[in-house]
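Note that the structure is predicted; figures quoted are calculated from it, not measured.
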Amino acid sequence: MTTRAANRSTAERSSEDHASDDRPADNRSPRSASAGRRSRTAAPSAGSEPTGSGHLESTGSTPTGSAPGGPVGAAPDRSAVETALAGLPRVVDLLAARAEEHDRDATFPYQGIEAVHEAGLLTLTVSERYGGPGGTLADTVRVLSRLGRGDASVAVVTAFTLLQHAEQARRADWPTAGYRRLLTESRRGPALVNTLRAEPGAGAGELPGTVARRDGDGWLLTGRKTYCTGAEALAWMAVTARTDEEEPRIGTFLVRGESEGLEIDPTWDQLGLRASASHDVVLDGVRVPGDLALGLTNGRRTARQSADADAELSSAWHDLALSAVAIGVARAAEAWLIRFLNQRTPANLTEPLGTLPRYRTALGEIEAQLIGAEELVEGLASRVDRGDQEAVARTGPAHLLATRAATAVVQQAVALTGNPGLSRRHPLERYLRDVLSSRVHLAPDETVLEAAGRAALERGARP
């Protein structure tokens, strides 16, 4: 295991990544650190002059309760969102150019995350009341589906940071000073955030194994979290834990990525999404100030009692955001297949494979599946943005269907291309591994389907 250090500063990354277009970016990871320990870099001081772009305005002392978007009844200003979206094609090209390298070496794509940040996409969902663009779920789905075409690992890491900012826009759970600090860091460079919930061997409905013990006016956290996407580069971690009180409470503890006692165990060695650095995070007496312990509630409450409307909305954002990434991967596979069919002319033919009806029909099947998945996810995202509760309830099955469709598309592309599709010389086999590994972010099929079936039975029993 390696001690977790702070993210490299924006100035450091910029000087490395842009010093020469031909020189590879720094791809340090816990696995490859020569001394087994990454050097610490102090977080930027509050008075430092921002050096990154990030497309965030100064937050000043804006209260968390102020109304977003200007005067009541005024149309939202979409200019910042459209500016960020306009940079997508260039970012996708940059990601695609380095994706194979990061997949092969399982190195974290710092340069790709930097490109996403510089385009203003990493903070797209920061609320307007905090000086952000105020991107919607529909915007988020659009961004992640495009990023998924370039590098699925970058898209997944981006997704969890966007989800954090979106949740803050709705709930304002973070204390004002803590969130302002995060936004200050986001103006200087990429500030990645993720919620760490999963624990090795934990069952559904169990209390977290990670324990928070009182220490003066703060808390000391001890435990292990698994599948922590972006672990080695996270600026902040929202860690779920239970208190060691006689009546345990469960809450979210905001942990700085550079905290003493926090280590990364490089356990992520999966088939796909290899650059996502979804390692284990080990906490050994990590101190958290009292004001960064959020939402402490009675740990004896059942899951049904604690599942409020906002929790369902958070799940809807998660389901559709991760669906979009899988669809993006499938679109990349289709694009490669089209080029293959247009260029491949076997020895027994005089025209490319794409001229044969059998291949055109198969490609049409792929296109139909992708259109269906896109319309489902994008349509639900727009309805969720409009406050449609029926749409919110449908996002779990939609995630399952979209992931199944994306997987089927890539598998069919491999079947149509034969040996070339499985060659490491081509990206199609990587797309297959990435889309298969995207299931790590999907609830078990039986859980989703049982819930959908139960809901259908309840509807049918109503008078």
Thr107-His102 side chain donor-acceptor pair, cut-off 3.5 Å | yes
Nearest heavy-atom contact between Pro109 and Val154 is CG-CG2, 3.5 Å
Min side-chain heavy-atom separation Trp174-Arg181 under 4.5 Å | no
N-O pairing of Glu100 and Arg104 below 4.0 Å | yes
Should the ring pair Trp219 and Phe253 be called parallel, tilted or perpendicular, given that the plane angle runs from 0 to 90° and is split at 30 and 60?
-> perpendicular
Give a yes or no on whether the backbone of Ala275 and the side-chain of Asp103 come within a donor-acceptor separation of less than 3.5 Å.
-> no
Does the distance from a Lys or Arg side-chain N to an Asp or Glu carboxylate O, for Asp151 and Arg98, drop under 4.0 Å?
-> no
Side-chain (Arg129) to main-chain (Ala169) donor-acceptor, under 3.5 angstrom = yes
Give a yes or no on whether a salt bridge exists between Glu334 and Arg149, defined as a side-chain N under 4.0 angstrom from a carboxylate O.
-> no
Can Arg170 be said to sit on top of Trp317's aromatic six-ring, NZ or CZ under 6.0 Å from centre and within 45° of the ring axis?
-> yes
Value for CG (Leu85) from CG (Asp139), rounded to nearest 0.5 Å, stands at 5.5 Å
Side chains of Glu167 and Ser314, donor plus acceptor under 3.5 Å | yes
Between Asp244 and Arg214, is the closest basic N to carboxylate O distance under 4.0 Å?
-> no
Flag for Ser127-Gln168: side-chain donor and acceptor within less than 3.5 Å = no
Rounded to the nearest 0.5 Å, what separation is found between the OG atom of Ser186 and the CG atom of Leu122?
-> 7.0 Å
Any Leu296 side-chain heavy atom under 4.5 Å of Ile250 side chain | no
Is the backbone of Ala391 close enough, under 3.5 Å, to the side chain of Thr395 for a donor and an acceptor to pair up by distance?
-> no
Go through the side-chain N and O atoms of Glu374 and Ser145 and say whether any donor and acceptor fall under 3.5 Å apart.
-> no
Considering non-hydrogen atoms only, spot the tightest contact between Thr210 and Gly223 and give its length.
-> OG1-CA, 3.8 Å
Just how far is it from atom OG1 of Thr158 to atom CG of Leu192, taken to the nearest 0.5 Å?
-> 7.5 Å
Any Lys/Arg nitrogen of Asp280 or Lys225 sitting under 4.0 Å from an Asp/Glu carboxylate oxygen of the other?
-> no
Between Thr229 and Ser278, is any side-chain donor less than 3.5 angstrom from a side-chain acceptor?
-> yes
Nearest non-hydrogen partners of Ser438 and Ala326, listed with the distance = OG-CB, 4.3 Å
Flag, side chain of Thr447 to backbone of Ala443, donor-acceptor distance under 3.5 Å | no
What's the verdict on ring pair (Phe, Tyr, Trp, His ring centres under 6.0 Å) for His279 and Phe108, showing C-alpha distance, side-chain angles and the deciding distance?
-> CA-CA 11 Å; His279 304 303; Phe108 190 78; 9.1 Å; no
From CZ (Arg146) to CZ (Arg331), nearest 0.5 Å = 9.0 Å
Can you tell if the side chain of Leu320 reaches within under 4.5 Å of the side chain of Leu380, non-hydrogen atoms only?
-> yes
Ring centroid separation for Tyr179 and His165, is it under 6.0 angstrom?
-> yes
Could you give the distance from OG1 (Thr403) to CG (Leu322), rounded to the nearest 0.5 Å?
-> 8.0 Å
Could you go through the salt bridge (charged side-chain N to carboxylate O under 4.0 Å, His left out) check for Arg256 and Glu185 one step at a time?
-> CA-CA 12 Å; Arg256 290 286 297 154; Glu185 294 166 3; 3.1 Å; yes
Mind checking the CD1-OG1 spacing from Ile113 to Thr161? Nearest 0.5 Å is all I need.
-> 7.5 Å
Without swapping roles, check the side chain of Asp215 against the backbone of Leu220 for a donor-acceptor pair under 3.5 Å.
-> no
Which heavy-atom pair separates Ala115 from Val91 by the least distance, and what is that distance?
-> O-CG2, 3.8 Å
Should the heavy atoms of other residues, nucleotides or ligands under 6.0 Å from OH of Tyr227 be counted, would the total exceed 12?
-> no
N/O donor-acceptor pair under 3.5 Å between Arg249 side chain and Thr243 backbone = no
Taking atom CZ of Arg287 as the centre, does the number of heavy atoms from other residues, nucleotides or ligands within less than 6.0 Å exceed 12?
-> yes
Compare all side-chain heavy atoms of Val435 with those of Gln411 and state whether any distance is below 4.5 angstrom.
-> no
Answer yes or no: is there an ion pair linking Arg274 with Asp434, defined by an N-O contact shorter than 4.0 Å?
-> no
Looking only at heavy atoms, which two atoms of Leu273 and Ser437 are closest? And how far apart?
-> CD1-O, 3.8 Å
Pairing of Arg386 and Asp388 as salt bridge, 4.0 angstrom limit = no
Given the options Leu196, Val286, Leu234, Val255 meets side-chain contact (heavy atoms from CB on, under 4.5 Å) only with Val286
Side chains of Val211 and Leu221: closer than 4.5 Å at any heavy-atom pair?
-> no
So which heavy atom on Gly209 is nearest to which on Glu199, and how close?
-> N-OE1, 2.5 Å
